[in-house]
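The structure appears below as structure tokens.
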There are 2 protein chains.
Amino acid sequence: MAKNVLIIGAGGVAQVVAHKVAQNAKEFGTLHIASRTVSKAEKIIASIREKGHSVEFTAHPLDAMDSKAVAGLIRQIDAGIVVNVGSAFVNMTVLQGCIETGAAYIDTAIHEDPAKICETPPWYANYEWKRREDCEKAGVTAILGAGFDPGVVNAYARLAEDEYFDKIDSIDIVDINAGSHGRWFATNFDPEINFREFTGTVYSWQGGEWRQNKMFEVGREWDLPVVGKRTAYLSGHDEVHSLSARYKDADVRFWMGFGEHYINVFTVLKNLGLLSEQPVRTAEGLDVVPLKVVKAVLPDPASLAPDYEGKTCIGDLVKGTLDGKPGEVFIYNVADHKDAYNEVGSQGISYTAGVPPVAAAILVARGTWDVKKMANVEDLPARPFLELLGALGLPTRVIDASGDHPL
Amino acid sequence: MAKNVLIIGAGGVAQVVAHKVAQNAKEFGTLHIASRTVSKAEKIIASIREKGHSVEFTAHPLDAMDSKAVAGLIRQIDAGIVVNVGSAFVNMTVLQGCIETGAAYIDTAIHEDPAKICETPPWYANYEWKRREDCEKAGVTAILGAGFDPGVVNAYARLAEDEYFDKIDSIDIVDINAGSHGRWFATNFDPEINFREFTGTVYSWQGGEWRQNKMFEVGREWDLPVVGKRTAYLSGHDEVHSLSARYKDADVRFWMGFGEHYINVFTVLKNLGLLSEQPVRTAEGLDVVPLKVVKAVLPDPASLAPDYEGKTCIGDLVKGTLDGKPGEVFIYNVADHKDAYNEVGSQGISYTAGVPPVAAAILVARGTWDVKKMANVEDLPARPFLELLGALGLPTRVIDASGDHPL
């Protein structure tokens, strides 16, 4: 029997997930989307209608911080798959709701405690992995970090393991957004989450141990397909914290591309204390979290989509040996902001993050990935996922000994 | 009979005023200081005691936005002179309290409406000058803008008029702070007032009319005594709005020195909307004025004093003709941050702003400036003021045809 799907969240990524689920409705049973503010979910459903999809889709109000409420809604609509693309603070309560009800769980980013920035590595061990046994006992499929990065880039690493090397020496994930939104400054997703990524310690896995750096301390110029020469900086990112567990002997690094303008604005805000999640008191006696005010003055990331132009290039440079012979492969995707907007009304960053969890949901629905336990993406077969992603709009390309070619 | 003095305000400038009044207690009757937060006024009195001054000084709580309360306190302590160095928002209520009671009024900066930035020029006509007749009728001495700039620089212009030229062609006021506080970023006085100065239109008086520019649009390198070559930018400032009335045929410009770092931080904050005095609503529904949050995260200007090193140079380059022969004179002062801290526990910016109103108060007490009407500093004899300032710690120097020499 086809599984009913529940999407949790109603931001830019949720919009992409909802559109893609609607486009692939034949893979699922009934379709549902839940948000604290139900009108935002309804707006997403309306945008699906505007694209001419007549599929049934139901919006529900939900406080996803309340695991009982999550479980209640799952039971009410008999959801078989929950795609959690809500705020980074709700993972554990939504996962708990799934464990209680037996629904499969899929998310795209690590759980965060609103009061803490950058916890001890590996991050997954602080929250999600503590529920591993519970999932296994309950026979619940829980796929962690199934966005693009983390997510697709984890599958790229697994592809290199499966098809290129018998020993992996290094995995360098590079994320370049060469698009332009035309605003003086904006973040591509929720400023609160965006800045939190870069205010803490940069953890990388090198030489079999965790290395610590500061943000923008280590930069390197990359020369990538389509986007060309770009400087990217060693950054903290979820996938380093799971890939380092599977590939203990490899160096695992994440590189994010930044222009000088972004770095300057970030540096000013950070050094002044305006990115702090700790409240300050104004002269008038009002307690305010500076980061929330910065978020309030910045453009809504969703508003950038109509004017966004240009491409993203995200990929893994994997080095290793096969039969003792060293080699390297670059596995990547190029996405276009304008194409994403024309298809689902979102910019490319949301598109690359929102399509993969739908591919994961389809693979769970088909049984391919319905593993009845907790798994990060690199723990699952990569080829079915990457081939399905190609069909869904995120084709994989490979640069190896035989040149630059489609997967 | 000696006049009792009431200082209103308890910030960095008020601290300098209180110390200087205490040092010159023989010129006055009883000494008083009032602030909304009386403990801040008490702390200033304690700092005077620490310097070994045993003079009597009384602190009072006062809401200076309430003119009846101001008048009540003036009557209660029989104040003959009120030195208003409170926030820029209280001028009109304090002035009203003086008009009602007959006390002399002295301030150091223009009145501002908290909800408005950069009103129509000339700024004095929007508030203070509307009370001219009231002052004259009541026989109340009201000296406007008697800080350094506005204040001393207005007297420099008057000195040039009195002793150098029969026709003045241009007055360029240049304010360079070559000091260093050692912090990543800080403003030298209340960030709210500091940034408000630079977010509006830059008005200058040129060719007999008001010219409008944007901040940092017009920059020019100056080569000044002690501080050397520095870039200063055409800026909006109070004194342009009174000097242009007396010197209608002259160009009147104000130039403020800024380093690239200050300009960068200012530009980021302004372009993001973080210098706005209009509230924004956070995602959590809290209405917050961004500028007040910026103020809350920045260092308290008073906290900069102990580490402040280096010099300020503020002066007027006046060009004109005498008997048809063109000439120019640069009249200026150099102040030292460390010297100011050692003497009164404040940095140089507060020192240069706080000493002049005390000189004005002494001249009112002595009768020299007790003109029984409203006046800007350039309307009053300049030499007694400048000579007294020299004795109080702000000596005037002149660069003219005979070289660089003391006044």
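Every heavy atom of this structure was used, including side-chain atoms; hydrogens, water molecules and symmetry mates were not. Per chain, numbering begins at 1; letters A, B, ... match sequence-line order.
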Verify side-chain hydrogen bond (donor to acceptor under 3.5 Å, both in side chains) between N194(B) and N188(B), making sure each step is shown before the conclusion.
CA-CA 8 Å; N194(B) 184 272; N188(B) 291 304; over 6 Å; no

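Using a 4.5 Å cut-off between heavy atoms, D287(A) touches chain B through its backbone atoms (N, CA, C, O) alone. Both the backbone and the side chain of L272(A) come within contact range of chain B, judged by heavy atoms closer than 4.5 Å. Both the backbone and the side chain of K292(B) come within less than 4.5 Å of a heavy atom in chain A. Neither the backbone nor the side chain of D300(B) comes within contact range of chain A; no heavy atom of the residue lies under 4.5 Å from a heavy atom of that chain. Looking at V265(A), both its backbone and its side chain come within 4.5 Å of chain B, counting heavy atoms on both sides.
Checked by atom type and distance alone, the side chain of E42(B) never pairs as donor or acceptor with a backbone atom of I45(B) at under 3.5 Å. For the pair T93(B) (side chain) and A64(B) (backbone), a donor-acceptor distance under 3.5 Å is present. H181(A) places no side-chain N or O within donor-acceptor distance of the main-chain N or O of Y308(A), the cut-off being under 3.5 Å.
Put simply, the residue from F185(A), W184(A), Y233(A) that forms a ring pair (Phe, Tyr, Trp, His ring centres under 6.0 Å) with Y262(A) is F185(A). Each of L62(A), L6(A), I8(A) was evaluated against V94(A); a single residue qualifies, I8(A), per the side chain to side chain contact (heavy atoms under 4.5 Å, CB included) test.
Between chain B and the options E284(A), R281(A), K295(A), the largest number of non-hydrogen pairs under 4.5 Å is found for E284(A). Chosen from V293(B), V289(B), V280(B), the residue pairing most often with chain A at heavy-atom distances under 4.5 Å is V293(B).
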